[in-house]
A.B. asks: 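Below is the structure I would like to discuss, written out as structure tokens.
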Amino acid sequence: MLFSMFPMMSHDGAALIELVKYTIGKPCSTAAECLRSGLTYSAPLTLTLKITSRTPSNDGTWHVRYARTRQVYLADVPMMTRNASVIER
């Protein structure tokens with residue numbers, strides 16, 4: 001679903017954001033610790049984005065001013081336990 005939202009482009013086409021990849025990290029706590037503490041069993045979702053700034057050329061193509069790749073934290077996503085359940089608080 002994430003890949004269907006990209007690439008994103010500004011209204012004039014001068015800025016472009018592309019999704020390179022996404023990573024789901026390791027949960028901060030175990031499922032048992034989350035149950036005891038009343039926390040959601042979740043893991044961080046991080047996106048790797050390529051951000052490009054460009055200007056139009058006279059021949060109708062685009063000239064890239066700069067392109068950078070950045071990692072962006074998006075959210076903590078609930079994880080399924082080994083018992084196929086979700087611990088959400």
Side-chain angles (χ1 to χ4, degrees):
M1 180 155 156
L2 277 174
F3 283 100
S4 67
M5 298 175 4
F6 291 91
M8 292 182 186
M9 191 178 305
S10 64
H11 69 283
D12 61 356
L16 180 67
I17 301 175
E18 300 169 275
L19 177 61
V20 177
K21 69 177 184 175
Y22 69 91
T23 306
I24 299 175
K26 293 185 179 184
C28 295
S29 304
T30 65
E33 289 170 344
C34 289
L35 271 175
R36 277 194 304 272
S37 304
L39 301 172
T40 298
Y41 182 56
S42 61
L45 174 62
T46 305
L47 306 181
T48 302
L49 303 175
K50 181 180 177 186
I51 304 161
T52 306
S53 175
R54 54 194 193 162
T55 55
S57 300
N58 293 335
D59 61 358
T61 61
W62 291 94
H63 170 70
V64 175
R65 290 178 37 202
Y66 65 86
R68 295 189 175 113
T69 302
R70 297 285 189 254
Q71 286 190 345
V72 178
Y73 165 80
L74 184 63
D76 280 337
V77 292
M79 300 291 291
M80 190 173 288
T81 66
R82 292 182 187 189
N83 300 334
S85 63
V86 176
I87 303 168
E88 194 170 35
R89 303 284 178 202

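What you are looking at is a predicted structure, and each value in this text was computed from that prediction instead of being measured. If you read the sequence from its start, that first residue is 1, and numbering goes on from there.
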A.B. asks: Indicate yes or no: at least one non-hydrogen side-chain atom of Y73 is less than 4.5 angstrom from one of P44.
C.D. replies: yes

A.B. asks: For the pair L16 and M9, evaluate side-chain contact (heavy atoms from CB on, under 4.5 Å) and give the outcome as yes or no after the intermediate values.
C.D. replies: CA-CA 5 Å; L16 180 67; M9 191 178 305; 4.0 Å; yes

A.B. asks: Is a donor on one side and an acceptor on the other found under 3.5 Å between the side chain of T30 and the backbone of E33?
C.D. replies: yes

A.B. asks: Measuring from K21:NZ to F3:CZ, what's the distance to the nearest 0.5 Å?
C.D. replies: 10.5 Å

A.B. asks: Would T48 and T69 count as a side-chain contact (heavy atoms from CB on, under 4.5 Å) if you check the C-alpha gap in whole Å, the side-chain angles of each, and the deciding distance to 0.1 Å?
C.D. replies: CA-CA 7 Å; T48 302; T69 302; 3.5 Å; yes

A.B. asks: With rounding to the nearest 0.5 Å, note down the distance linking OG in S53 to NE2 in H63.
C.D. replies: 9.5 Å

A.B. asks: Does L45 share a hydrophobic cluster with I87, counting links as ILVMFWY side-chain heavy atoms below 4.5 Å and allowing steps through other members?
C.D. replies: yes

A.B. asks: Looking only at non-hydrogen atoms, find the nearest pair between P27 and A43 and report the distance.
C.D. replies: N-CB, 4.0 Å

A.B. asks: Show your working on side-chain contact (heavy atoms from CB on, under 4.5 Å) between T52 and V64 and close with a plain yes or no.
C.D. replies: CA-CA 7 Å; T52 306; V64 175; 3.8 Å; yes

A.B. asks: Take atom CG of D59 as the centre, draw a 6.0 Å sphere, and report whether it contains more than 12 heavy atoms from other residues, nucleotides or ligands.
C.D. replies: yes

A.B. asks: Kindly indicate whether the side chain of L19, heavy atoms from C-beta on, has any atom under 4.5 Å from the side chain of L49.
C.D. replies: yes

A.B. asks: Determine whether L47 and L2 satisfy the following criterion, side-chain contact (heavy atoms from CB on, under 4.5 Å), listing intermediate values before the conclusion.
C.D. replies: CA-CA 10 Å; L47 306 181; L2 277 174; 3.7 Å; yes

A.B. asks: So how far is it from M79 CE to D76 CG, rounded to the nearest 0.5 Å?
C.D. replies: 10.5 Å

A.B. asks: State, to 0.1 Å, how close G13 and R54 come at their nearest heavy-atom pair, and which atoms those are.
C.D. replies: O-NE, 2.8 Å

A.B. asks: Shared ILVMFWY cluster between M80 and I24, side chains joined below 4.5 angstrom?
C.D. replies: no

A.B. asks: Looking at CZ of R70 and CD1 of I17, how far apart are the two atoms once the value is rounded to the nearest 0.5 Å?
C.D. replies: 12.5 Å

A.B. asks: Donor-acceptor pair, T40 side chain versus R89 backbone, under 3.5 Å?
C.D. replies: yes

A.B. asks: When clusters are formed by joining ILVMFWY residues with side-chain heavy atoms under 4.5 Å apart, either directly or through shared neighbours, do M8 and L74 land in the same one?
C.D. replies: yes

A.B. asks: Establish, from distance only, whether the side-chain atoms of S85 and N83 form a donor-acceptor pair under 3.5 Å.
C.D. replies: no

A.B. asks: Linking I/L/V/M/F/W/Y whenever their side-chain heavy atoms sit closer than 4.5 Å, directly or via other members, would F6 and V20 fall into one cluster?
C.D. replies: no

A.B. asks: Mind checking whether P78 and Y41 have side chains closer than 4.5 Å, heavy atoms only?
C.D. replies: no

A.B. asks: In Å, rounded to the nearest 0.5 Å, how long is the span from CZ of R68 to CD1 of I51?
C.D. replies: 8.5 Å

A.B. asks: Side-chain heavy atoms nearer than 4.5 Å, only ILVMFWY residues, links allowed to pass through others: does that put L39 and V77 together?
C.D. replies: no

